[in-house]
Amino acid sequence: PGEVVVDVPAGETLVNENVYFHGTGLKVVKSGAGTLLQQASGHTHVGGMVVSEGQLALGNGQCLSSAGEGIVDPNGVLELNGKGDLQAYRFVLNGGTLQNTAADVGEGIAQITSLRLMADSVFKPSNSYGLIGSGYAATTLNLGGHTLTVPIDAGKKFYLFNTTVTAGTLDVTGGGWVVADKTGVN
């Protein structure tokens, strides 16, 4: 197992179009207060991706490894950029922010299917986004006894379709809507 650290200084943006991460147990860590725009696809590392600080922005829906977890620490932001079909990835918020500031994706498009909290965190779907599986397959929101704050602008939606929600607090603010279908609480 190894670790690759991508350090992007404050005020800088690094665009990764051609570097591919491969390897069993390899973990990729985004550090530094700047932004990493991840556009290269085809990663096969299984150690996951950690956003320890700054922002990791998705350039396409296949730019994360389908193995491992995407973990966002307290000083980190994972920007989804309106990318749908991220159901192969397991997202973990460890006090960080998961956000979508790009165009609405729409409820007919598969989005994310697994979100787990390790600490109080934020999911900021500035435009409509949420947990929707392909064909409305089952999704999971594991609050783990923590609080997920979801600030939604008026007229926007946070989707929970066929979602199992575990114990914790879902704090929705801002005047938007939660759209739930077949949501169960454990």
Side-chain angles (χ1 to χ4, degrees), residues 1-105 109-132 139-142 144 146 148-151 158:
E3 182 174 284
V4 172
V5 177
V6 181
D7 187 8
V8 184
E12 300 289 326
T13 298
L14 174 64
V15 179
N16 177 19
E17 295 177 330
N18 299 309
V19 176
Y20 302 93
F21 302 112
H22 301 283
T24 301
L26 178 65
K27 176 170 59 173
V28 178
V29 178
K30 159 53 185 89
S31 68
T35 298
L36 171 61
L37 176 57
Q38 183 70 355
Q39 292 186 324
S41 57
H43 303 285
T44 61
H45 62 285
V46 295
M49 172 78 77
V50 176
V51 183
S52 67
E53 57 183 326
Q55 183 177 85
L56 171 65
L58 304 186
N60 65 63
Q62 291 75 43
C63 63
L64 297 173
S65 173
S66 60
E69 296 179 319
I71 300 173
V72 186
D73 286 337
N75 295 318
V77 174
L78 178 55
E79 168 60 61
L80 300 171
N81 269 335
K83 306 306 175 213
D85 200 14
L86 298 172
Q87 50 193 335
Y89 312 111
R90 297 182 314 268
F91 295 98
V92 178
L93 293 176
N94 186 27
T97 300
L98 184 63
Q99 69 183 24
N100 177 54
T101 59
D104 289 352
V105 176
I109 304 293
Q111 295 169 22
I112 65 174
T113 58
S114 176
L115 178 59
R116 179 170 60 95
L117 269 59
M118 294 173 61
D120 293 350
S121 301
V122 176
F123 187 169
K124 186 176 180 183
S126 299
N127 291 292
S128 300
Y129 205 88
L131 281 80
I132 302 177
T139 62
T140 303
L141 175 56
N142 182 349
H146 302 288
L148 179 63
T149 300
V150 184
F158 178 58

| said: Any side-chain to backbone donor/acceptor pair from Glu53 onto Gly32? Under 3.5 Å, distance only. | reply: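 Side chain of Glu53 to backbone of Gly32: a pair is present.
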| Under 3.5 Å, side chain of Ser52 to main-chain N/O of Lys30, donor-acceptor pair present? |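 A pair under 3.5 Å: yes.
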Partners passing side chain to side chain donor-acceptor pair (under 3.5 Å) against [X] (at least two apart in sequence or in another chain):
| X | result |
| --- | --- |
| Glu79 | Gln99, Thr101 |
| Ser121 | none |
| Asp73 | Asn94 |

[X]: which residues meet the side-chain contact (heavy atoms from CB on, under 4.5 Å) condition with it, sequence neighbours left out?
| X | value |
| --- | --- |
| Val92 | Glu69, Ile71, Arg116, Met118 |
| Val5 | Glu3, Val29, Ser31 |
| Thr13 | Val15, Thr35 |

Counting C-beta onward and ignoring hydrogens, is there a side-chain heavy-atom pair between [X] and [Y] closer than 4.5 Å?
| X | Y | value |
| --- | --- | --- |
| Leu78 | Leu58 | yes |
| Asn16 | Val6 | no |
| Val51 | Leu36 | no |

Can you give me the closest heavy-atom contact between [X] and [Y], atom names plus distance?
| X | Y | answer |
| --- | --- | --- |
| Leu148 | Leu115 | CD2-CD2, 4.1 Å |
| Thr149 | Pro151 | O-CD, 3.5 Å |
| His146 | Leu117 | CD2-O, 3.7 Å |
| Val150 | Phe158 | CG1-CG, 3.8 Å |

| How long is the span from the CG atom in Leu37 to the CG atom in Leu14, to the nearest 0.5 Å? |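 Interatomic distance, Leu37 CG to Leu14 CG, rounded to 0.5 Å: 8.5 Å.
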| request: To the nearest 0.5 Å, tell me how far Asn142 CG sits from Phe91 CZ. | output: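 Those atoms lie 15.5 Å apart.
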